[in-house]
Amino acid sequence: MNQFSLSALAFLGGIFLAIQGGYNARLGVLLKNPLLASVMAFFFSMLFAVILAAISIKKFPDSETLRQIPFYLWFTGGLFSVFGISLYYYTIPKLGVSTMISLGLCGQLIFAVIAGHFGWLHLPSEPLTTKRVFGILAMLTGILLINLK
């Protein structure tokens, strides 16, 4: 897949995250509990993921591959997802979707630039450059403009 196609898919993923945030934040308001909305979202996410995996997986990992996976990798992504998504569902009704998503993206991008610079999480190293610093400053300016009343 080329860079343009991958970029388009990433952009579409961002749209989907904003849409699900809005729907599930509304569910949390109606249930009067953003954590319960998270439970429902993750339950149905799991259900849809199992169905898609069953359709698309051609070969399951063997037992040796499964044994080599560090124990913490089985649950830490889910733990951070629950906290992050629950915070989205809690803050969207209070801040508005554009404010919450812009601030959430700011947190994601700043962490991503720092983590990429140091190669955290066993991901490829992406050195901090002047262009990246200017990109962060431009993003912060955009967030201020989005959120100024």
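Within a 6.0 Å radius of CZ in Phe75, more than 12 heavy atoms belonging to other residues, nucleotides or ligands are found.
Grouping the Ile, Leu, Val, Met, Phe, Trp and Tyr side chains by contacts below 4.5 angstrom, directly or via other members, places Phe134 with Leu109. Note: the hydrophobic cluster containing Phe83 does not contain Phe80 (ILVMFWY, side chain heavy atoms under 4.5 Å, direct or indirect links). Under the 4.5 Å side-chain contact rule for hydrophobic residues, Tyr90 and Met100 do not share a cluster. Linking Ile, Leu, Val, Met, Phe, Trp and Tyr whenever their side-chain heavy atoms come within less than 4.5 Å puts Leu66 and Tyr72 in one cluster. The hydrophobic clustering, which links ILVMFWY residues whose side-chain heavy atoms are closer than 4.5 Å, places Ile146 and Ile15 apart.
In this structure, Ser7 contributes its side chain and Gln3 its backbone to a donor-acceptor pair below 3.5 Å. For the pair Ser102 (side chain) and Thr99 (backbone), a donor-acceptor distance under 3.5 Å is present. Put simply, the side chain of His117 gets close to the backbone of Leu128: a donor and an acceptor are under 3.5 Å apart. Checked by atom type and distance alone, the side chain of Ser56 pairs as donor or acceptor with a backbone atom of Leu52 at under 3.5 Å.
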For residues 24-43, dump all side-chain donor-acceptor pairs below 3.5 Å to protein atoms at least two apart in sequence or in another chain.
unit_1	atom_1	unit_2	atom_2	d
Asn24	ND2	Gln20	O	3.2
Asn24	ND2	Gln20	OE1	3.1
Asn24	ND2	Tyr89	OH	3.0
Asn33	OD1	Leu35	N	2.9
Asn33	OD1	Leu36	N	3.1
Ser38	OG	Pro34	O	3.2
Ser38	OG	Ser86	OG	2.6

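Atoms CD1 and CG, on Ile143 and Leu148 in that order, are 11.5 Å from each other to the nearest 0.5 Å. Between Thr76 atom OG1 and Phe71 atom CZ the span is 10.0 Å, to the nearest 0.5 Å. Summarising the geometry, atom CG belonging to Leu105 is positioned 11.0 Å from atom CD1 belonging to Ile110; distances are rounded to the nearest 0.5 Å. Distance check, rounded to the nearest 0.5 Å: SG of Cys106 to CD1 of Ile136 gives 8.5 Å. Note: Arg132 CZ to Met139 CE = 12.5 Å, rounded to the nearest 0.5 Å. Between the OH atom of Tyr88 and the CG atom of Leu103 there is a distance of 9.5 Å, given to the nearest 0.5 Å.
Among all heavy-atom pairs drawn from Leu121 and Phe111, the shortest one is CD1-CE2, 4.2 Å. When every heavy atom of Leu87 is checked against every heavy atom of Thr91, the shortest pair comes out as O-OG1, 2.7 Å. The heavy-atom pair separating Ile101 from Ala18 by the smallest distance is CD1-CA, 4.1 Å.
When the ring pair (Phe, Tyr, Trp, His ring centres under 6.0 Å) test is applied to Phe118, the partners found at least two apart in sequence or on another chain are Trp120.
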